[in-house]
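Keep in mind that this is a model prediction, so the values were computed, not measured. Just so you know, ligand 1 is whichever comes first in the structure, and atom 1 is the first atom listed for that ligand. Atom set for the values below is all heavy atoms of this structure, side chains included, hydrogens, waters and symmetry mates excluded.
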Amino acid sequence: MAKVKSKYVCQSCGYETAGYLGKCPECGAWSSFIEEVSDSATLKLTQDLPDKNPPQKLADIKINSEIRTRTNITEFDRVLGGGIVQGSLVLIAGDPGIGKSTILLQTSGALCNQGKKVLYISAEESAGQIKLRAERLGIKSDNLYIYSQTNFELIKKHIVEMRPDLVIVDSIQAVYTTTIQSSAGSVSQIRECCNFLMGIAKNNDISIIVIGHVTKEGNIAGPKVLEHMVDTVIQFEGDKYKSYRILRSIKNRFGNTSEVGIFEMGAKGLIEIINPSQAFLKEYNQTQTPGSTIIVTNEGTRPMLVEIQALVGVTPYPAPRRIANGVDLSRVLQILAVLEKRIGLNLSKQDVYVNVVGGIDVNEPAGDLGIALAIITCVRDVVFDSQTAIVGEIGLSGEIRGVSHIEKRITEAQKLGFKRIIIPDSNNIEEKFADIEIIKVKRIIEAITRAVK
Ligand code: TYD
Ligand code: MG
């Protein structure tokens, strides 16, 4: 009889032990261990993948140029690094309800229109529900197959028999393999199913896109285990209650990471936002109020103009509040400390709120100067020039430090019709810019005198 092995696996980090533990020594989670039993005989049988790639000399290896299929959804192609690579396994992760099923159904539709065969495996919704969504999105195609199934062995059988060009698995948390006796969604199930999918993708040259839900803590559930197994990890971000959605590649074996694609959720699915700066500045008030600036932030390889707003007011609380929306709170606290020390702005009795308009996150220090100026103009009740954009990192001694991709940022500001841009003095510019005045500053105080009326 085959030997039956049992182990305990932490459901939040994947740590394994032979016996039950109350607290995980790896990630510190409590009561996170679940017993998992695997039957070694069945495991061996199912893992018997054909050995297609024996070791070979470096010189003998032939390079097949990657075969990419463009989805023709430009923003999605950009994030993928130019289309879906044949035989790759892609993970799309995001909160429930953010639009993962929608974008992948749209992608399926777009590929089917190019004559590709797509198999959409829905482990969460019935075929009827998918059909309803497809109708809403205006997708009709004879090349699109919907398969509502959670059993991985059946799924595998149909993929191998049908040999589609693209397979969508919606979602990895809902499928289960019978080789492991834990419930669907557990770390081992996810890891095992993902492993099998990787094998199918590589051995049959089928591209597979897997959907993964994100846990409360923001980890890709079945936590980070999935991330290093797949070729590409794409995060789907945005607020469920706002219409902008951002696709961000956080790992890509076939392209640039931190590339972003921007969409808006509409009544007929996700619509691409080709010109994000324009969209984000739509509500920008040219007759400005104090406390608002425009910065040029860089997302992946693309510069984007976004508005930063600050509100400063006397606090009714014993300790003043500092709230940051769309920027890192510790970054804001650091900027406040610098403003206090270096330009004597006393904010110890003031609440400070900082907000990035449009629901996107500004995660780079190049936004510092814009945040600082938004706060300063709000405190002093003056208006920042509405025709000026601003970039620069603030150092602890109040100096303005250089930022990356400065020329791209200037070009973007110029394209959007800005007359001036304030940049760090240490950034060298080789290109010539005719329609935009470039103001170089070394200290915060210079930026204030140059852009505040
Ligand atoms: P869905 O793709 O089901 O999210 P996920 O698969 O990530 O859980 O989309 C969820 C939301 O999108 C849902 O609240 C309805 C909304 N939606 C639209 O606003 N317009 C549409 O055309 C579609 C299909 C969905
Ligand atoms: Mg879904």
Side-chain angles (χ1 to χ4, degrees), residues 71-73 75-76 79-80 89-113 118-141 144-150 152 155 166-176 184-185 189-190 193-194 197 208-223 226-227 230 232-250 260-273 279 358-361:
T71 61
N72 288 340
I73 301 175
E75 294 291 291
F76 191 35
V79 178
L80 287 165
L89 182 61
V90 179
L91 169 69
I92 293 203
D95 287 324
I98 198 97
K100 300 181 295 298
S101 305
T102 308
I103 182 103
L104 290 183
L105 198 57
Q106 284 179 280
T107 306
S108 305
L111 280 184
C112 289
N113 287 344
V118 179
L119 174 60
Y120 191 107
I121 295 154
S122 176
E124 293 183 351
E125 293 164 295
S126 67
Q129 279 170 303
I130 304 283
K131 166 107 186 183
L132 272 178
R133 182 177 296 138
E135 271 175 5
R136 185 169 171 182
L137 300 174
I139 297 169
K140 347 182 201 344
S141 171
L144 179 56
Y145 294 80
I146 309 292
Y147 183 35
S148 181
Q149 182 57 260
T150 53
F152 190 79
I155 291 173
L166 175 70
V167 176
I168 313 272
V169 181
D170 181 2
S171 68
I172 189 77
Q173 271 102 356
V175 297
Y176 70 95
Q189 279 287 359
I190 290 176
C193 291
C194 193
L197 284 172
I208 303 181
I209 302 181
V210 168
I211 290 180
H213 293 294
V214 170
T215 56
K216 276 200 297 295
E217 296 77 31
N219 291 341
I220 294 170
L226 280 184
E227 256 182 49
V230 299
T232 302
V233 181
I234 294 172
Q235 188 99 36
F236 208 171
E237 301 167 359
D239 203 319
K240 233 194 296 188
Y241 307 102
K242 288 186 198 142
S243 54
Y244 289 121
R245 300 281 188 277
I246 298 172
L247 277 181
R248 185 189 301 273
S249 69
I250 48 181
V260 296
I262 300 183
F263 295 86
E264 188 169 4
M265 184 61 99
K268 287 199 168 142
L270 290 155
I271 302 150
E272 300 173 65
I273 308 255
I360 83 151
D361 285 345

List the closest protein heavy-atom neighbour of [atom]: residue, atom name, distance to the nearest 0.1 Å.
atom	answer
atom 6 (O) of ligand 1	Ser101 OG, 2.6 Å
atom 23 (C) of ligand 1	Arg136 CZ, 3.7 Å
atom 4 (O) of ligand 1	Gly99 N, 3.2 Å
atom 8 (O) of ligand 1	Gly97 N, 2.7 Å
atom 3 (O) of ligand 1	Arg133 NH2, 2.9 Å

Contact partition for Lys268 relative to ligand 1, non-hydrogen atoms under 4.0 Å: backbone

Proximal ligand 1 atoms for [X], defined as those under 4.0 Å from one of its heavy atoms:
X	value
Pro96	8 (O)
Met265	12 (O), 16 (C), 17 (N), 18 (C), 19 (O), 20 (N)
Gly266	18 (C), 19 (O), 20 (N), 21 (C), 22 (O)

Ligand 1 N/O within reach of Thr102 N/O, cut-off under 3.5 Å: yes

Polar contact flag for Gly269 and ligand 1 (N/O pairs, less than 3.5 Å): yes

Residue among Arg133, Gln129, Glu135 satisfying side-chain contact (heavy atoms from CB on, under 4.5 Å) with Lys131: Glu135

Residue-ligand contact Ser171/ligand 1, heavy atom below 4.0 Å: no

Any Gly94 heavy atom less than 4.0 Å from ligand 1: no

Glu75 versus Val260, closest heavy-atom pair with distance: OE1-O, 4.3 Å

Residue pair Ser171 / Glu124: nearest heavy atoms and the distance that separates them: OG-OE2, 2.6 Å

Atom 18 (C) of ligand 1 within contact range, any protein heavy atom under 4.0 Å: yes

Atom 10 (C) of ligand 1 within contact range, any protein heavy atom under 4.0 Å: yes

Any donor-acceptor pair under 3.5 Å from [X] side chain to [Y] backbone:
X	Y	result
Arg136	Ala267	yes
Arg245	Ile98	yes
Gln106	Gly269	no
Thr71	Leu111	no
Glu237	Ile246	no

N, O or S atom of Ser101 closer to the Mg ion (ligand 2) than 2.8 Å: yes

Any Phe76 side-chain heavy atom under 4.5 Å of Ile92 side chain: yes

Beyond-backbone contact of Leu80 with Val90, side-chain heavy atoms, under 4.5 angstrom: yes

